[in-house]
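In what follows, a structure is listed as structure tokens, so that the remarks can point back to it.
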Number of protein chains: 2
Amino acid sequence: MKNTPVTIKAIAATLNVSISTVSRALRDMPEVRAETRAAVQRLAAELDYQPNQLAKNLLYSRTRTIGVLMPNLSYHFYTAMLASIEEAALAAGYSLLVCQSNESHEREIINIQNLLRGQVEGFLLSVARDSTDYEHIARLTRRNFPLVLFDRYADEINASKVIIDDKGAAYRATEHLIEQGCRRIGFLAGPPNLLISNQRLLGYRAALVQYGLPLNDAYMLHCDLTPEDARTQTNRLMNLPAPPMACLWLATALPTPPCSR
Amino acid sequence: MKNTPVTIKAIAATLNVSISTVSRALRDMPEVRAETRAAVQRLAAELDYQPNQLAKNLLYSRTRTIGVLMPNLSYHFYTAMLASIEEAALAAGYSLLVCQSNESHEREIINIQNLLRGQVEGFLLSVARDSTDYEHIARLTRRNFPLVLFDRYADEINASKVIIDDKGAAYRATEHLIEQGCRRIGFLAGPPNLLISNQRLLGYRAALVQYGLPLNDAYMLHCDLTPEDARTQTNRLMNLPAPPMACLWLATALPTPPCSR
DNA sequence: CTGTTAGCGCATTCAC
DNA sequence: GTGAATGCGCTAACAG
């Protein structure tokens, strides 16, 4: 059960050298006689010695672990992000402590606590749908704790952010539809308390205004990111007396719709 | 930058008590005078004292962390599993170190190394598509390292397994199609070196035999789990002179097909 | 009720 | 070249 009973001390004892010599030999330090080093390394290999990372962690106060907090991994967007994050982390010799908030504010708080307890060196996080206040995150930034937000963010949070130009992108997408000849364009936005929803909505509205099209509230619906609600809201749009000729979705935030083919 | 400069020792110093008293007070041990405990706890709260988990880890040789190795999180099946695993882990006070092998044998080996280094207390893993030998996993079981396989397994691996009756399920599914009147049934199996692929294939074949239907090799294709190959193999089936009237997929292992609606 | 000591496994001074 | 001693932060005997 015990993972690694074989310690540096044990090696030192059987070889009749000191602990520090073993430590040095194992790390190929120059000031160690070749024969001694060889002997130590041979025995270490034989015993399948594994340095105790826990001890090193304490000594260096480092864990080489990054906490990742995702709203929901059933959105393919986040899964794809996770794959990339993992690749970069692996290349840098880091591991990932991964949690999902399931879009819940409370879960987000609990998870942050939990990750902190696991002594992550920093956080990557995308805020949950149901998070409205950000005190739990502010606590991190006040401590100057390494933190990067991605995709979903909030102006109140003073941290590095990896985001897109939500407003501009929505503007250009809307513009494209207008240029294709669409005059009635629907917009299925994400939850109203998510900043990216509103930014995109702004872009959409700006484009309509710019092109002299009417702003019709019936064409702008919010969706709470569940497949059910996505369906409900879509139906509401399509059942309008004059249904939209095209519709923009907050695609990255929507769960992959069940595929019926 | 330093996460927790405030240690138990610092508190002890400012309060003029011993380190152990602080330790005891903080953990609500009975043998501490009420006033002392109150004073300690007040100061600790004020300073936002956080016990150094690294030190505890070393002391107890425990990390409360479980390693999870998934073939690929873009398969919705694994994402769903991860959500459940996480829930159970959280409830038990554990964190998850998550890795993806991306179906690669080498990545699987590297990830196991990596997770071990992160000092996980045990593993949950589903073998990668490209893993043919299992020496890297045997190394774990030989050490008696806590390990549970799920979904994908191998007979050579001597560990607890959370799996389904692949053969029986495929048998019943095939039987169902036969009862619906299908006489030509296709079977799109997973990669040949995945045991679950073969188990399901066995069930399919057994059902055909049982019902006196011919075994036609042209109806049994392997698919390497990429969307591209899934499409290719499906086309091969459908372009047969007498294409199958129905087809069984190794659904859990296939990536969610891009949804075009 | 409280303080002192020892030790988790390792790296790192500082001596010799 | 090598060894003895110190400490990372904390808990657990063992005294008082």
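Just so it is clear: chains get the letters A, B, ... in the order the sequence lines come, proteins before strands, and each one is counted from 1.
Direction change of the helix axis from one end of the helix from C:dC1-D:dG16 to C:dC16-D:dG1 to the other is 50°, with five pairs defining each end axis (rounded to 10°).
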Please tabulate, for side-chain N and O atoms in residues 85-97 of chain B, each donor-acceptor pair with protein atoms closer than 3.5 Å (sequence neighbours left out).
| residue | atom | partner | partner atom | Å |
| --- | --- | --- | --- | --- |
| B:Glu86 | OE1 | A:Gln100 | N | 3.2 |
| B:Glu86 | OE2 | A:Gln100 | N | 2.7 |
| B:Tyr94 | OH | B:Arg62 | NH2 | 2.4 |
| B:Tyr94 | OH | B:Glu121 | OE1 | 3.1 |

Let me check something: any side-chain donor-acceptor pairs from residues 153-161 of chain A under 3.5 Å, sequence neighbours excluded? List them with distances.
| residue | atom | partner | partner atom | Å |
| --- | --- | --- | --- | --- |
| A:Lys161 | NZ | A:Ile157 | O | 3.1 |

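When distances are taken from the side chain of A:Ser18 to each of D:dG3, C:dT4, C:dC1, the shortest belongs to D:dG3. Taking every side-chain heavy atom of B:Val17 into account, C:dG3 is the closest of C:dG3, C:dG9, C:dT2. If you check C:dC1, D:dG3, D:dC10 against the side chain of B:Thr7, the one that comes closest is D:dC10. Among the nucleotides D:dC8, C:dG9, D:dC10, the one closest to the side chain of B:Lys9 is D:dC8.
When the P atom of C:dC10 is taken as reference, atom CG of B:Leu54 falls 15 Å away, rounded to whole Å. Between the CG atom of A:Leu15 and the C1' atom of D:dG1 there is a distance of 15 Å, given to the nearest Å. When the C1' atom of C:dT12 is taken as reference, atom CG of A:Leu58 falls 14 Å away, rounded to whole Å. What separates CD of A:Glu31 from P of D:dG3 is a distance of 13 Å, to the nearest Å. Across the protein-nucleic acid pair, A:Asn57 atom CG and D:dC10 atom P stand 15 Å apart, rounded to whole Å. Distance CD (B:Gln50) to P (D:dC10): 11 Å, rounded to an integer number of Å.
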Seminar exercise, completed: Going 5' to 3' through nucleotides 11-16 of chain D and flagging B where a protein heavy-atom sits under 4.0 Å of the base, S where only the sugar-phosphate is that close, and - otherwise, we get BBB---
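For the 3.5 Å distance criterion, the side chains of A:Gln119 and A:Thr63 fail to qualify, holding no donor opposite an acceptor. With hydrogens and angles left out, the side-chain atoms of B:Tyr49 and B:Gln41 include no donor and acceptor closer than 3.5 Å.
Residue-to-nucleotide proximity on DNA chain C shows that, of B:Ala55 and B:Arg37, the 5′-proximal contact is made by B:Arg37.
Every side chain to side chain contact (heavy atoms under 4.5 Å, CB included) that A:Ser18 has, sequence neighbours left out, goes to A:Ser20, A:Thr21. B:Asn102 is linked by a side-chain hydrogen bond (donor to acceptor under 3.5 Å, both in side chains) to nothing, counting only residues two or more places apart in sequence or in another chain. Considering only residues two or more places apart in sequence or on other chains, B:Ala25 meets the side chain to side chain contact (heavy atoms under 4.5 Å, CB included) condition with B:Val32, B:Arg37, B:Val40. Residues that satisfy the side chain to side chain contact (heavy atoms under 4.5 Å, CB included) test with A:Ala138, not counting sequence neighbours, are A:Glu135, A:Thr141, A:Arg142. For B:Asn193, the side chain to side chain contact (heavy atoms under 4.5 Å, CB included) partners are B:Thr132, B:Pro191, not counting sequence neighbours.
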